[in-house]
Amino acid sequence: MTGRKQNLTRRRFFELGGATAVASLAAPVVAQQAEPIRIGVLQPFTGGLEALGQQGANGAELAFLDANDAGGVDGRMFELIRADTATDPKTAVERANDLIRRQKVAAIIGPVTSANRDAMRPTIERGKTPLLYATDYEGGVCSRYISCYSALPDHWVVPIVAHAVKNLGDSFYLVGSDYVWPREMNAAFIAECDKTGGKVVGEEYTPWGAKDYTATLRKIRDSGAKTVVISIAGADAITFVKQFAATGMKKTTQVVFFGFSENYLAGLSDEESEGIIAPTNFTSSLTSPEAEHLKERVRARFGADAIVSNTVDAHWSLARMYIEGVRRAGGDDREAVTDAMVDQTLMSGNGEVYLRPGDRHVDLNVLIAQAQGGRLEVIEELGRIAATDQCT
Amino acid sequence: MLEIRQLAAGYPGGGRVLDGLDLSVPEGAFVAVLGRNGMGKTTLMRAICGLLRASEGTIGLGGEDITGLASYARAQRGIGYVPQGREIFGDFTVAENLTIGRIAKPGLSPAVPRHLLELFPILAERSRQRAGSLSGGQQQQLAIARALAGEPRLLLLDEPAEGIQPSIVQEIAQKLREIVDTTGLTVLMAEQNLAMVDGWADSLAFVDHGAIAESGVAAAGIRQDQSRLSKYLSI
Amino acid sequence: MELFLDTLNYFSLLMLVVLGLVVIFGLMNVINMAHGEFLLVGAYTVVGITGAGYSFWLALALAPVAGAVVGLLVEALVVRRIYHRFLDTILATWGVSLILKQGVILVFGPTAQSVANPLPGVMNVFGVDYPRMRLLIMAVAILLTLVLYIAMFRSNLGLRLRAVIANRDMASALGLNTRRMDMASFGLGAALAGFAGAIISPVMSVDPQMGAGFLIPSFLSILIGGVNSLIGPLFGVAAISGSSNLIAGWLSQADTQIIVFLMAMVVIRFFPEGILKRRQK
Amino acid sequence: MHVTGVEAPAPLLKVDGLAKRFGGVVALSDVSFELEEASIHTILGPNGCGKTTLFNVIDGSLRPTAGRVEFAGQRIDGMTAARIARLGIARKFQVPGVFGELSVAQNLETALACHGGRYGVGALLRVRPDAVRRDELADLCGLSAKLQVRVSELAHGEKQRLEIAMLLAGDVRLLMLDEPTAGMSVTETEAVAALVRQLRDERGLTVLIVEHDLHFVRSLAEPVLVANEGRIIARGDYETLRHDPRVIRSYLGEGADA
Amino acid sequence: MIGAKREGRTGLIATGLCWIILCGVGVLVDDWLLAQVAIYLCYGIFAMGLSLIWGQAGILSFGQAIFFGAGAYGFAVATLDMLPGTGTGILTGLVFAVGLATVLAWALAWLTFAGRGLSGAHFAIVTLCAAAVVEIAVTRSGFLGGYNGLFGVAPFTWGGEMIAERPMYYIMLGVAFAVFLGVTAIVRSPYGTVLEAIRDDENRVAHLGYETRRLKTVAFVIAGALSGLSGALFAAQFGFVSPSLLGFALSTQVLIWVAVGGRAVPLAAMVGALVVSGAENTLSNTLGDLWLLVIGVIFVVVVIAAKNGLFGTLFRLPPPKRLRKT
């Protein structure tokens, strides 16, 4: 409400008449008690990452709708407002502004890419609105208003290097899309190799929308690398894996794929995906009670075909952490919830996870999974891993 | 064969070039349309072959009204066109130019008839050569042969003598006469060069300011007809 | 040897895409920005048909039909109305590309689709193990190019097409139904694109953005070769694919793309009529 | 300013050995002539004799295959069309060279704005073209009532007149007219002839006309160059030339001997 | 004649009304919407630049976002103190941004227009390609923040305080109005007439003695500078820059705005930018995927059926006084 009062004073400055109309526009309308808690679901519903956006939205909505079904928090219901980033930072900022300033949301869950998140950051901090970010990224976000349910290089790279050096062979060729996350992942990978005695024999970045990886594949084969490490994002990764599989190099070369999930399985045949190794926090082939619970909830709400992926789990878990924060704070006051939601432990789709108060990142349970017969099967469980503090 | 009634035509935004033009060409006749530049000769030719739409009036071919037809439909009904500037396909071979004249019409076999090549021996000789490398006179013969390859009933020629050596002009005129006499082809020719007309065409029509000022004039002896030459051709 | 095969491979991919573009551009003087989306039509035909349980080869046969149908619709609804307004055709077909891409998203969803590789495994050619599907694509691309060019330069149908390209009015005055040939060429161009999209679908991700990556290289190929030439684009494609593959041998793909595009721009700048035509004034 | 009496002036335009070929077609072969300042010459010849090509070479639209063109002592072949125009050569096209999408006033302004050599953007932004002069020109071409009309809506003759008015807007020394009387009646033709003479007499313009209309040439009564098959075959005054058998042949065809 | 006169008068009235309404918006609308419209005004300035070269001179550029992005990056790099000696001053930032865009526009114009030059489709495709190259190159550049871009670009401040939405809106409106006046003055000057003549027939203009290449280059550079200015203003309000600001996508978006608005009339182009991006904002949430389909259809229909766009006829001004009879 304070914001509106300010409006009025400023408005007086510019008033050219019609003051009554202005006043009636600005008049407060709703009684305090029954007011729902508005949550912005800001995801890429168009523009290239729609699949992830849809799953993120599903995960978040599952948490909030389940909370509503249970009677809300202190009788207050959650109202979800979807907004589309179009996978474009400019649009993401516009939508974030819209959600915070016009829709007056109590929190925003999303977006997917680092570029969008970083672009939104000043808006979020200016609006003092909690941002719930539940996508794996390169690390380094340290903000009072941003809570991250994300696998960082510490979560994935360190264990996978150890696993690979032991099981797959110790020479690596790194191929990534040409943006920040692959570069940071690969930098961490190289650093880890230096420690453990692995050898990186090549590193390469490909542009968005590449159609022909022949030259890269030739270089990989000529390099003699035993393992190729992929951090290509989106559909390009599918093109790469298809062309890789067609060369028959699979017989001699293993594939480690950062960010591989059920989404990619849909775009590849079983033969093409067979054997791909990926670190992850959740896969739908888990059979633990908590995983079965999540799968059952998702299918109940979104149908039997709905994909239950890492992304769904992350958004679902982080949204529930926020709901717990609202409960602890006794309302949706942004500052109070921001303070209250950290330092909590919660059962995710894959074991208990912990939201740290210091850098507002989550300690996750990491798995190493392998594509087998069109499913992502767990081959190693590494337990809960605490990343280094992102604020230092 | 050709009946034009009250034809009006022009270019977008350019006003009317033809206005109320009447012309009738009997079957088997060789008629030349004479007039100064800018009087509408080329416009008339383009309007008859359909590259320019008539804004008013009718054009009849062999009793059928063809005014509304597209140019390819008119060609298929028997109009052959030799444009000003020849417009042969310069990058094609001579043989291809002739073939295209033939296969453009449905129902004709692709083979170029032998009599056509006998009529223009130079074309047979150079059939593998790029048409663009021919001399102007040879290109003109090619353009005529290309039109004839489609076996038209009516042949339209727009200034066939333009830019061509006098000896070749005579040769071309003679050949046209020969074709008219042997095959009964109807020819309508727009011209300024009297050598192409005098002694070769049957009759003349004079076009002045977009209309036919006089028609049915005998072609023979036109070179001595000072009053008409002065009036219509400014000679 | 392998470098040669790799170059040939990219050459074949690009050639498949460019063939349809050349037909449309050359004949109708329309810069078809929706060409990449005609590829989508072919690729998604495969997705739909193989998804319904039929074989890839049936889908491959039907894809050009689907492409042609879409192409004819676009021709009748859009291109026919403005093809005398050259620059506007660029804009309109680009609008069409938006519509087609969004239509695909509405029907098939935004995610990448899988087309199983119908010819898995490798084959030894000239001492190199090479994926069989790629060899098929190369063979088909080369064969199709040959057939198309032989048809263009040796058949009467090709002669008709070339006559319309060379001089539209004159071709019409000789009796060629240019209206029908426009439709035929647009349909043929779209059918070729549909076929190309279908045959490359097993080797790359089939997603709504799939056509976009081909847009710039294929137009550059045509401009390098010369817009009103049928042979030129062949050289253009060779230049783009050859230089891409050579440079990618020692630089990363992203840098390669920058360098190849810049080189192409410089070539176009100094040879606006294409590398084959001498500058004349 | 009547300059015809000046003794042996240096030629304003000198064309020497000019040739132009298009593939197998020879449009110009070895054309040479000179034009004195403030003279009127007509190039007479049948259609297709290379007249328009000659104009295209002189005004910079085409590069000659061989030969040279000098204007006021300066070699101009190879220069851009714009530069040649700025030297003072204005050319009237056979199809009127007017801007169809622009109004009459805008057409005249396009021609007037560069009057006085102000061709740069800065000058164009600052300059307020002489409206009085504009209206004079509009009067001259009889279009003062149609200043706001889009030129594409004008009649053919109006466009022709507009184009001549536009050419006269600048600092012209040599005016080249490509068949200025095409499509005109005899009286109109005579009016054009009078206008051309007036321009020479009052403004000292040198005029080169391509024409095949003998009436016009006769009423102009100025020197004539006769062109045929890409060369100049005769030069002289009309009355002499009309009895020259070469000229008669080129007009009436082989075998004519009137 | 009478019809033309009346059309001119309605154009004048509509233009006046349009600016009055935009002034009124600043009073009537809430802060959030105001901030949005202020951003759209950036797009509007961008669109007016494009309308100068496309609508007036007939040069279809598929790479205008290069200059918008150059302005945005230039402003960001300068105000983030990434360059030695620039400090973090807003004014320095603006000058640097516009300067960078101008230099780039001049370079591209030189590359494409000099000599025999490129035009029409060649120009369109080469600029499209240039936009793609620049986007990839910036994505590759670590100095410029790569794919994520640069963050924390300083907003406009007054006396150390960030300028609030409403004054900011009026600043933007003022800049847009100034640009409108400038572009309109160019369009209505003799230079504008000559550009229009170039659009009609470049060759004939050359035969009147104009170096058309130079005239086109200047128009292109002015449009580039305006794009740079709008990019800088955008960066200041948005607080970040990323490669998508200088690529193919934004280049084509601005073409849509201008085509839908009306390419030949600067104000119509600007209103096109306001209306289309405003509609996109409200409709993309409700229509989702359908929205892009709808905008595609609208665009195609406008290109085919309405060459003047939706507002071109409405905002057409009467011809300048000097072109009327004295």
Side-chain angles (χ1 to χ4, degrees), chain B residues 12 45-52 69-93 95-112 130-132 142-143 145-153 155-158, chain C residues 22 25-29 76 80-86 149-185 225-235 273-278 280-281:
Chain B
M45 290 295 161
R46 290 175 65 86
I48 298 173
C49 81
L51 289 176
L52 190 70
L69 295 180
S71 64
Y72 64 84
R74 299 190 196 192
Q76 289 173 2
R77 279 168 180 71
I79 292 183
Y81 176 50
V82 181
Q84 188 173 24
R86 308 180 280 272
E87 305 204 18
I88 51 148
F89 299 107
D91 283 335
F92 295 16
T93 62
E96 282 177 330
N97 267 280
L98 294 174
T99 310
I100 192 70
R102 198 138 173 95
I103 59 175
K105 302 270 183 71
L108 290 185
S109 71
V112 178
R130 255 186 82 248
L142 177 60
R146 180 181 64 179
L148 290 175
E151 299 183 4
R153 292 191 283 165
L155 185 66
L156 304 174
L157 298 123
D158 194 354
Chain C
V22 169
F25 197 7
L27 217 67
M28 304 183 67
N29 215 7
R80 176 189 300 187
R81 288 159 213 280
I82 52 167
Y83 86 94
H84 51 281
R85 281 155 46 192
F86 180 51
Y149 277 86
I150 288 174
M152 277 287 177
F153 288 96
R154 290 282 174 270
S155 81
N156 287 333
L157 180 71
L159 187 58
R160 289 191 187 104
L161 285 170
R162 280 158 56 215
V164 177
I165 293 174
N167 187 337
R168 197 179 187 83
D169 269 1
M170 196 58 230
S172 170
L174 286 171
L176 287 170
N177 187 338
T178 46
R179 179 75 217 96
R180 198 190 297 157
M181 291 185 61
D182 284 345
M183 286 170 60
S185 67
V227 286
N228 272 324
S229 157
L230 287 167
I231 290 285
L234 212 63
F235 289 87
E273 262 124 54
I275 41 176
L276 288 190
K277 272 222 176 105
R278 278 178 299 117
Q280 41 184 226
K281 185 181 179 184

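A quick note: this is a predicted structure, and the numbers were derived from the prediction, not measured. First the proteins, then the strands, lettered A, B, ... as listed; each starts at 1.
- Relative to the ring axis of B:Phe89, C:Arg162 does not place its NZ or CZ within 45° and under 6.0 Å from the centre.
- Side-chain atoms of B:Phe92 and B:Thr99, non-hydrogen and from C-beta on, never get closer than 4.5 Å to each other.
- What you find for B:Cys49 and B:Ile79 is that their closest heavy atoms are CB-CG2, 4.3 Å.
- Of the atoms belonging to B:Arg77, not a single heavy atom falls under 4.5 Å from chain C.
- Residue with the most contacts toward chain C among B:Ser71, B:Pro110, B:Ala73, B:Ala70: B:Ser71 (heavy-atom pairs, distance under 4.5 Å).
- For a residue to count as touching a neighbouring chain, one of its non-hydrogen atoms must lie under 4.5 Å from one of that chain's; by this rule B:Ile100 touches chain C with backbone and side chain alike.
- Partner of B:Asp158 under the side chain to side chain contact (heavy atoms under 4.5 Å, CB included) criterion, out of B:Gln84, B:Arg86, B:Glu87: B:Gln84 alone.
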